[in-house]
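Worksheet: the structure to be examined is printed underneath.
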2 protein chains.
Amino acid sequence: MRGMDYVTSLFARKVVAAAGSGIDAAAMLAQVGIDPDAPWNPGQMIPAARYYAMLEAIAGQIDATDLPIRTGASMRLDEYGALGLAFKAATTLGASYARVERYARLWTSVVEYELRPTTGGTLFILHRAGDRHLGMRLSNEATLASAVSIARQVCPVPLSPVEVLIRHPAPPRVAAHEAWFGCPVRFGAGLDAILYDDETLARPNILGDEGISHYLAAHLDAELSELTTEPPLVTQARAAIAQALSEGTPKMAEIARGLGLSARSFHRRLSDHGMTFQTLTEETRRDLAEGLLRDESHSLAEIAFLTGFSEQSAFTRAFKRWVGTTPASYRKRLSHG
Amino acid sequence: MRGMDYVTSLFARKVVAAAGSGIDAAAMLAQVGIDPDAPWNPGQMIPAARYYAMLEAIAGQIDATDLPIRTGASMRLDEYGALGLAFKAATTLGASYARVERYARLWTSVVEYELRPTTGGTLFILHRAGDRHLGMRLSNEATLASAVSIARQVCPVPLSPVEVLIRHPAPPRVAAHEAWFGCPVRFGAGLDAILYDDETLARPNILGDEGISHYLAAHLDAELSELTTEPPLVTQARAAIAQALSEGTPKMAEIARGLGLSARSFHRRLSDHGMTFQTLTEETRRDLAEGLLRDESHSLAEIAFLTGFSEQSAFTRAFKRWVGTTPASYRKRLSHG
DNA sequence: AGCCTTTTGACCGCTGCGGCCAAGGCGCGG
DNA sequence: CCGCGCCTTGGCCGCAGCGGTCAAAAGGCT
């Protein structure tokens, strides 16, 4: 998933639910690769382009003006995994948003968030590159609404921003937007952002706790560090190894050649990063296995094959050591949240 | 630290602080291997026998009757690391104690805890093997007091047990015990335990949260699974490798022979566990490095040597990849909590 | 252009990994 | 007791990774 334009399937499911009975829900979910009858898989990612297309298809069937607001309103912190927990446990609302600013990149490369002090308070800015066609417009509105929705879940008193700024032109009606946000919503602004006054951001969260917050941040920092310190060459090698694993364990020389290096030079580069090719191969196998287990269309035998194990039993044993449970058990746990 | 009789240095520091000015604090801490002038190292473990001896030495200098109570009263949940966080985030007090029952073994092999339903409520039992000489008696009282102390930190209302049971005979005075626990304290009982009524154990904790609790439990479960599913042979191999690393990377055949196996059979055993010798060696190196970094008497150069790296720079690179920060930075972070 | 430093790539000894096969040990049934 | 089947063990070996060595190539600076 790294480096590719994916978003979490959570938004797709929520949008379809918020759209109500005016659309064919099953067809919409199938359009983005979600099995409508399967239990929800929290880790499933879907291509961003397909998500935008689905939003546009929904807008073609029903009046979607208020859809982003209803979608955002339905978001729950516990549906955001570790980031949601970190948001909840942060000591103040401002610290919560700082968590999003720092760690959202662990989940998606499509958007980035920024906290920016300004006159009258602090802006929580949503950066999303690309053309502002209808799908992305709806998606941006939903994202801003969800950012306020989760804030309301950690705040001990009713909460509204000072103002919401949206870059694209206004839809036909904005009454629902302003009613829900509880503040003016300015379309055609220079950026997509929520403006909070600093008193609001300094308010302690209901479940804020320094110890838990620190623990969660340490774990997220470790993941982030891996993402940001890894040389591009190593990342490319991971992708090449993952691609080659279905044909058995790739040889270092093959991977090196694919990257334009001799085996010895490739070896040196890995060593500079404190790593060996065998370790890289094993990590890649593990990551690939965990990812494939989230995608329920692959059988366990198929995953063993795709991860380059000559026997399913060897895959089971390795996976059990990595994660602590068997692949089947792990998948069962994923399905039931 | 695995499999050896160690306890956390936290208790030693707290006992010395609770003992007040009647003892030579620096000498007592030095007796168990704690540098009195260094910042506190939360991960430092000390031999249990030494801890008991220190308690007895303190009792030889001051009246230690109330010392366990004062020690227990000073314990803070945030000083218990991940277990303290899990205790705090559990949804009820009973679930908090269930966390201790399940995960305490990750920290020490000296004691075990058990929740046992009985008439009038549920017993939280402390199991500690060995002779009940004075050091252990004081330690048991302090442990029970701390178990109540941390419960009082998650409970929204004042909390007392129904009764406290202690196996060893009563000290000269028990008034401070009963005043502090807020219930009868029965010495000479059949076991060491706290009796709570079930209504108390069902009470929601102040910061109880299902999502956070589940996340913390999952992480602790992964650690526990590693501890409980690892074959003894693999554990022994780890110890042998750690021992041999200061002489450079040990060869598989040497380690195998030390365990009474041929290299091929040893290799098979590892494979049955889903592991290779190289992976085992690397994990051992990492564990050893992290442990040695907690012990401030070793320089970074020395740790690189003890973990079998031919150059400190190679150690730094590998450590950075493992943990996300340099060894020096990691140590600095440990010192400042 | 010359010089110095760094990087590259070929080579190679050592060791781990895993397949293969024969020998030995154990348990069970006749 | 003996024969048979199954499982474990250990030796052997081909392949590939790991890391040291050295000469050649590349890059940077004056």
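Chain A is the first sequence line, chain B the second, and so forth, proteins listed ahead of strands; every chain is numbered from 1.
- In this entry the distance linking CG of A/Leu270 with P of D/dA16 reads 18 Å, nearest Å.
- In this structure, the CG atom of B/Leu261 is 15 Å from the P atom of C/dG16, given to the nearest Å.
- For D/dG17, neither phosphate oxygen OP1 nor OP2 lies less than 4.0 angstrom from any side-chain nitrogen or oxygen of A/Thr276.
- The CZ atom of A/Phe266 sits 16 Å away from the P atom of C/dA10 (whole-angstrom rounding).
- Relative orientation of the B/Phe277 and B/Phe266 rings is perpendicular, given thresholds of 30° and 60° on the angle between their planes.
- With hydrogens and angles left out, the side chain of B/Arg264 and the base of C/dG19 share a donor-acceptor pair within 3.5 Å.
- Side-chain atoms of A/Phe277 lie closest to D/dG17 of the nucleotides D/dG17, D/dT9, D/dC22.
- With rounding to whole Å, B/Leu280 atom CG is found 12 Å from C/dG16 atom P.
- We find that CG of A/Asp272 is positioned 14 Å from P of D/dC18, with the value rounded to whole Å.
- Taking the side chain of B/Ser265 as heavy atoms from C-beta on, and the options D/dT9, C/dT8, D/dG17, the nearest nucleotide is D/dT9.
- Taking atom CG of A/Leu233 as the reference point, atom C1' of C/dT8 lies 14 Å away to the nearest angstrom.
- Atom P of nucleotide C/dG16 and atom CD of B/Glu254 are separated by 8 Å, given to the nearest angstrom.
- The aromatic ring centres of A/Tyr80 and A/Phe87 sit 6.0 Å or more apart.
- At a threshold of 4.0 Å, the pair A/Arg286-A/Glu282 does not count as salt-bridged, since none of the basic side-chain nitrogens sits closer than that to a carboxylate oxygen.
- In this structure, B/Arg269 places its CZ atom 12 Å from C1' of D/dC7, rounding to the nearest Å.
- In the set C/dG9, D/dT9, D/dG19, the nucleotide with an atom closest to the side chain of A/His267 is D/dG19.
- Comparing A/Gln278 and B/Arg257, the nucleotide of DNA chain D nearest to each residue sits closer to the 5' end for B/Arg257.
- A salt bridge links A/Arg238 to A/Glu283: one of the charged nitrogens lies within less than 4.0 Å of a carboxylate oxygen.
- Residue A/Lys251 is the one, among A/Arg268 and A/Lys251, whose nearest nucleotide of DNA chain D lies closer to the 5' end (criterion: closest heavy atom).
- By the 30° and 60° cut-offs, the orientation of the rings of B/Phe315 relative to B/Phe309 is tilted.
- With the nearest nucleotide of DNA chain C identified for both B/Pro250 and A/Ala263, A/Ala263 has the one nearer the 5' end.
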